[in-house]
Amino acid sequence: MGQTIAEKILSKHADRPVKPGELIISNIDVVMVQDGTGPLAVNEFKKMGKGKLFNPERTILFIDHAAPSPRKELSNSHTVLRDFAKEYGAVLSEVGEGVCHQRLIESFVNPGEVLLGADSHTCTSGALGAFATGVGSTDIAVVMALGKTWLKVPSTYKIVLEGEFEKGVYAKDLILYLIGLIGADGATYKALEFTGSAVKNMTMSDRFTISNMAVEAGAKAGLFETDEKTREYLKQHGRENKFVEIKADDDAEYERVININLSDLKPMISLPHTVDNTKTIDEMPKVEVNQVYIGTCTNGRIEDLRIAAEILKNKKVKEGVRLLVAPASRQVFLQALEEGLITTLVNSGAAIVTSGCGACVGVHAGILGDGEVCLSSQNRNFQGRMGNTEGFIYLSSPATCAYSAIKGYIADVREVL
Amino acid sequence: MSILKGKAFKFGDNISTDHIAPGRLFHLRSNLPELAKHVLEDADPEFASKMSKGDFVVGGNNFGLGSSREHAPQIIKIAGVGAVLAKSFARIFYRNAINIGLLLIECDTDKINAGDELEVNIKEGYVYNKTQDIKLPFPPLPDVMIKLLNEGGLIEHIKKHGDFDLV
Ligand code: SF4
């Protein structure tokens with residue numbers, strides 16, 4: 001019987017053919033924590049008394065969630081990670097280097113590998129054909145020490161994508177649509193595998209956005225097969241030699257198949273306070289915004305900033321609205337500077353925030369006031385997410401964000417494209 | 001510990017890790033006993049002050065969705081909650097809870113009201129709602145979970161066996 005992408009990768013890492021539902025011990029290639037989950041992992045690691053890391057060069061600690069630190073307690077947590085990296089020889093990604101998931105795809109993860117991260121959006125790397133999933137700090141502590149973990153092999157939903165996006169519709173709209181369709185727990189314990197003729201035309205950036213949000217449907221992983229686009233991406237990031245072909249067998253078995261024609265899609269909005277609470281822009285009432293946020297591991301890439309800058313060029317952000325932009329990584333930031341995008345954005349009235357998680361996690365750099373509304377390109381709109389339970393978060397594509405910042409309310413970007 | 005007794009504190013569907021351990025209290029993550037004083041604060045601001053040791057958190061569907069922060073199940077455990085009962089759990093939360101030794105029970109929580117007195121019989125696999133005099137069965141816990149719970153969580157398991165001894 002054929003295998004899905006998840007089954008193939010996990011078979012390789014368990015050294016035997018695996019089937020959905022089975023409990024396996026899987027070898028792990030890359031392991032990571034961030035500053036919110038890392039100190040606890042370090043603590044648990046030390047409790048085990050193993051004394052050294054299994055694979056220090058591929059144990060990565062990111063300082064991104066509260067970077068730069070807004071409080072002394074967090075500064076002290078950062079010190080814990082810096083000291084640990086130094087003592088055990090792990091890799092440290094410092095303040096300003098960027099959001100963990102963006103840094104992982106840029107520099108650390110390769111097709112066919114298994115990545116375990118103490119962050120739920122670890123699934124982002126699935127777009128590179130890697131089995132990447134989020135777990136908690138204790139799991140990570142054990143992986144750091146032993147280089148392996150226990151996993152239940154997920155069954156797979158095949159998401160078949162055909163057709164082309166209409167103007168103003170992007171990968172973000174597609175994934176919001178899918179989550180609205182199957183629900184925030186619609187794929188719990190499953191792997192999603194994205195395939196179909198439309199995938200070939202998708203940029204890697206599109207694929208990362210889609211894989212990133214797989215977890216918002218409850219999925220364990222969001223996977224793409226590898227192709228020339230994957231190879232090109234790896235080449236641009238100095239590791240073309242890491243390319244391998246990852247592809248499901250033709251006779252692989254899927255628990256469910258969902259067909260989506262991209263040309264049927266419209267710009268989507270996810271309304272407070274759950275991601276699956278979606279509407280098309282046509283169904284939206286007029287919602288005025290106080291803050292617009294463009295960035296994060298979902299949509300803070302150079303492609304996203306290009307789209308936003310194009311829309312905001314020679315325009316001004318509406319009075320009374322603040323537009324925050326956080327390039328997802330230093331690499332993205334530098335590229336945006338080089339292309340003049342930052343000048344365009346700042347001229348329009350945007351405030352640029354340090355590369356990292358910024359306002360997304362509600363720790364600093366854009367906490368909402370009581371009753372305030374934020375439209376964000378991030379992946380989550382839970383109550384309290386942006387630091388205030390009295391705030392309201394709407395999610396959309398960066399294009400919808402940029403245009404809405406000009407209009408002052410959640411607006412239909414197709415009007416200007 | 002095969003029968004647990006306590007009172008039900010009822011929550012709705014989709015209780016996220018942001019409800020349980022909000023990002024705005026990020027700085028308290030290095031101080032779990034302090035963070036535990038705020039457990040579930042964004043879903044019920046009075047929960048921590050009203051609950052007694054052994055009481056149950058009762059949710060609806062998809063309890064614990066969202067971030068991978070293990071601080072969420074950790075502070076539920078530290079606060080002294082006997083078990084979390086829900087119709088379903090989000091994947092990472094479930095896994096984290098097993099690893100740290102917090103008991104989770106999947107059952108029909110529609111039949112539990114706020115304040116009901118409950119008895120959880122782990123061995124026989126049912127929740128007895130004393131207030132309403134009904135029995136709510138739940139499927140037996142997975143072997144991995146029983147093993148890890150009995151051994152006091154994943155770290156203790158590894159310390160004891162030196163490696164995984166689950167499969
Ligand atoms: S940008 Fe937001 S979603 Fe992404 S890792 Fe940071 S906090 Fe998490």
Side-chain angles (χ1 to χ4, degrees), chain A residues 22-25 36-37 39-41 44 47-50 65-66 70-74 76-77 80 117-122 133-139 141-142 145-146 148-150 183-185 188-189 215-216 218-220 273-274 361-364 367 380 382-389, chain B residues 13-32 34 41-43 45 61-63 65-74 87-101 142-144 148 153-159 162-167:
Chain A
E22 252 185 280
L23 198 71
I24 61 165
I25 302 295
T37 56
L40 186 54
E44 299 299 307
K47 272 195 213 160
M48 260 178 306
K50 289 279 181 192
H65 277 59
R71 307 181 61 121
K72 64 177 186 216
E73 296 89 342
L74 295 168
N76 292 338
S77 293
V80 169
D119 190 282
S120 55
H121 296 103
T122 302
T133 195
V135 294
S137 302
T138 295
D139 272 316
V142 172
L146 302 179
K148 54 189 167 181
T149 196
W150 67 275
D185 57 355
T188 301
Y189 290 103
V215 67
E216 303 308 330
K220 195 162 184 165
H273 296 291
T274 54
V361 69
V363 180
H364 65 154
I367 293 173
R380 229 169 234 168
F382 301 155
Q383 191 172 17
R385 176 78 186 174
M386 293 180 103
N388 187 346
T389 49
Chain B
D13 290 338
N14 291 316
I15 293 296
S16 74
T17 54
D18 280 287
H19 286 113
I20 304 168
R24 88 194 133 72
L25 301 173
F26 210 85
H27 59 286
L28 291 179
R29 288 189 184 185
S30 50
N31 186 350
L32 290 176
E34 197 53 41
E41 188 169 276
D42 285 356
N61 279 312
N62 208 17
F63 188 95
L65 84 157
S67 104
S68 68
R69 65 189 74 150
E70 192 173 297
H71 314 75
Q74 284 273 14
K87 285 196 258 183
S88 63
F89 291 95
R91 184 188 65 82
I92 303 176
F93 182 86
Y94 193 87
R95 186 179 171 106
N96 286 342
I98 297 177
N99 284 339
I100 63 152
D143 290 345
V144 185
L148 291 177
L154 184 63
I155 297 293
E156 292 305 316
H157 173 84
I158 300 291
K159 270 165 80 177
D163 202 333
F164 284 99
D165 186 25
L166 293 172
V167 184

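Bear in mind the structure is a predicted one, so any value in this text is a computation, not a measurement. So that the names make sense, note that chain A is the first sequence line, chain B the second, and so on, each numbered from 1.
To the nearest 0.5 angstrom, B/F93 atom CZ is 12.0 Å from B/R69 atom CZ. Here A/N76 contributes atom CG and B/H27 contributes atom NE2; the two are 12.5 Å apart, rounded to the nearest 0.5 Å. We find the CH2-CD1 distance between A/W150 and B/I98 to be 4.5 Å, quoted to the nearest 0.5 Å.
Contact count against chain A (heavy-atom pairs under 4.5 Å) is highest for B/S67 among B/A43, B/S67, B/S88, B/S30. When each of B/N96, B/I100, B/T17 is scored by its heavy-atom pairs under 4.5 Å with chain A, the top score falls to B/N96. Counting heavy-atom pairs under 4.5 Å between each of B/E156, B/Q74, B/H71 and chain A puts B/H71 at the top. Of the residues considered (A/V135, A/L74, A/D119, A/D139), A/D139 shows the highest number of contacts with chain B, using heavy-atom pairs under 4.5 Å. Top candidate by heavy-atom pairs under 4.5 Å with chain B, chosen from A/V80, A/L23, A/V215, A/N388, is A/L23. Of the listed residues (A/T122, A/I367, A/L146), the one with the most heavy-atom contacts under 4.5 Å to chain B is A/L146. When each of A/I25, A/T274, A/I24 is checked for heavy-atom pairs under 4.5 Å with chain B, A/I25 comes out on top. Chain B forms more heavy-atom pairs under 4.5 Å with one residue of A/H273, A/E44, A/M386 than with any other, namely A/E44. Among the candidates A/K148, A/E216, A/K72, the residue making the largest number of heavy-atom pairs closer than 4.5 Å to chain B is A/K148.
In terms of heavy atoms, A/K50 sits closest to B/G162 at NZ-O, 2.9 Å. The shortest heavy-atom contact between A/S120 and B/G66 is CB-O, 3.6 Å. Contact detail for B/F26 and A/V361: the closest heavy-atom pair is CE1-CG2, 4.3 Å. Heavy atoms only, all atoms of each residue included: A/P70 and A/H364 are closest at CG-CB, 3.7 Å.
A/R385 and B/S16 form no side-chain donor-acceptor contact under 3.5 Å, judged by distance and modelled atom types alone.
Only the side chain of A/T389 comes within contact range of chain B, with at least one heavy atom under 4.5 Å from a heavy atom of that chain. Contact annotation for A/V142: only side-chain heavy atoms (C-beta onward) come within less than 4.5 Å of a heavy atom of chain B. Of the two parts of B/N31, neither the backbone nor the side chain holds a non-hydrogen atom closer than 4.5 Å to a non-hydrogen atom of chain A. Looking at B/R91, both its backbone and its side chain come within 4.5 Å of chain A, counting heavy atoms on both sides. Interface remark: B/D42 contributes backbone and side-chain atoms alike to the contact with chain A (heavy atom separation under 4.5 Å). In this structure, the portion of A/F382 lying under 4.5 Å from any heavy atom of chain B is its side chain and not its backbone. In this structure, chain B has heavy atoms under 4.5 Å from both the backbone and the side chain of A/K220. Both the backbone and the side chain of A/T37 come within contact range of chain B, with heavy atoms under 4.5 Å apart. When heavy atoms are compared at a cutoff of 4.5 Å, A/T149 approaches chain B by way of both its backbone and its side chain. In this structure, the portions of A/S137 lying under 4.5 Å from any heavy atom of chain B include both its backbone and its side chain.
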Requested in this report: Please lay out, stage by stage, how B/R95 and A/T133 fare under the test side chain to side chain donor-acceptor pair (under 3.5 Å).
Outcome: CA-CA 12 Å; B/R95 186 179 171 106; A/T133 195; over 6 Å; no
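Between A/R380 and B/D18, none of the side-chain N atoms (NZ, or NE/NH1/NH2) sits under 4.0 Å from a carboxylate O, so this pair counts as no salt bridge.
Ring geometry for A/Y189 against B/Y94 counts as perpendicular: the plane angle is over 60°, on a 0 to 90° scale with 30° as the lower cut.
A donor-acceptor pair under 3.5 Å is formed between the side chain of B/D13 and the backbone N or O of B/N61.
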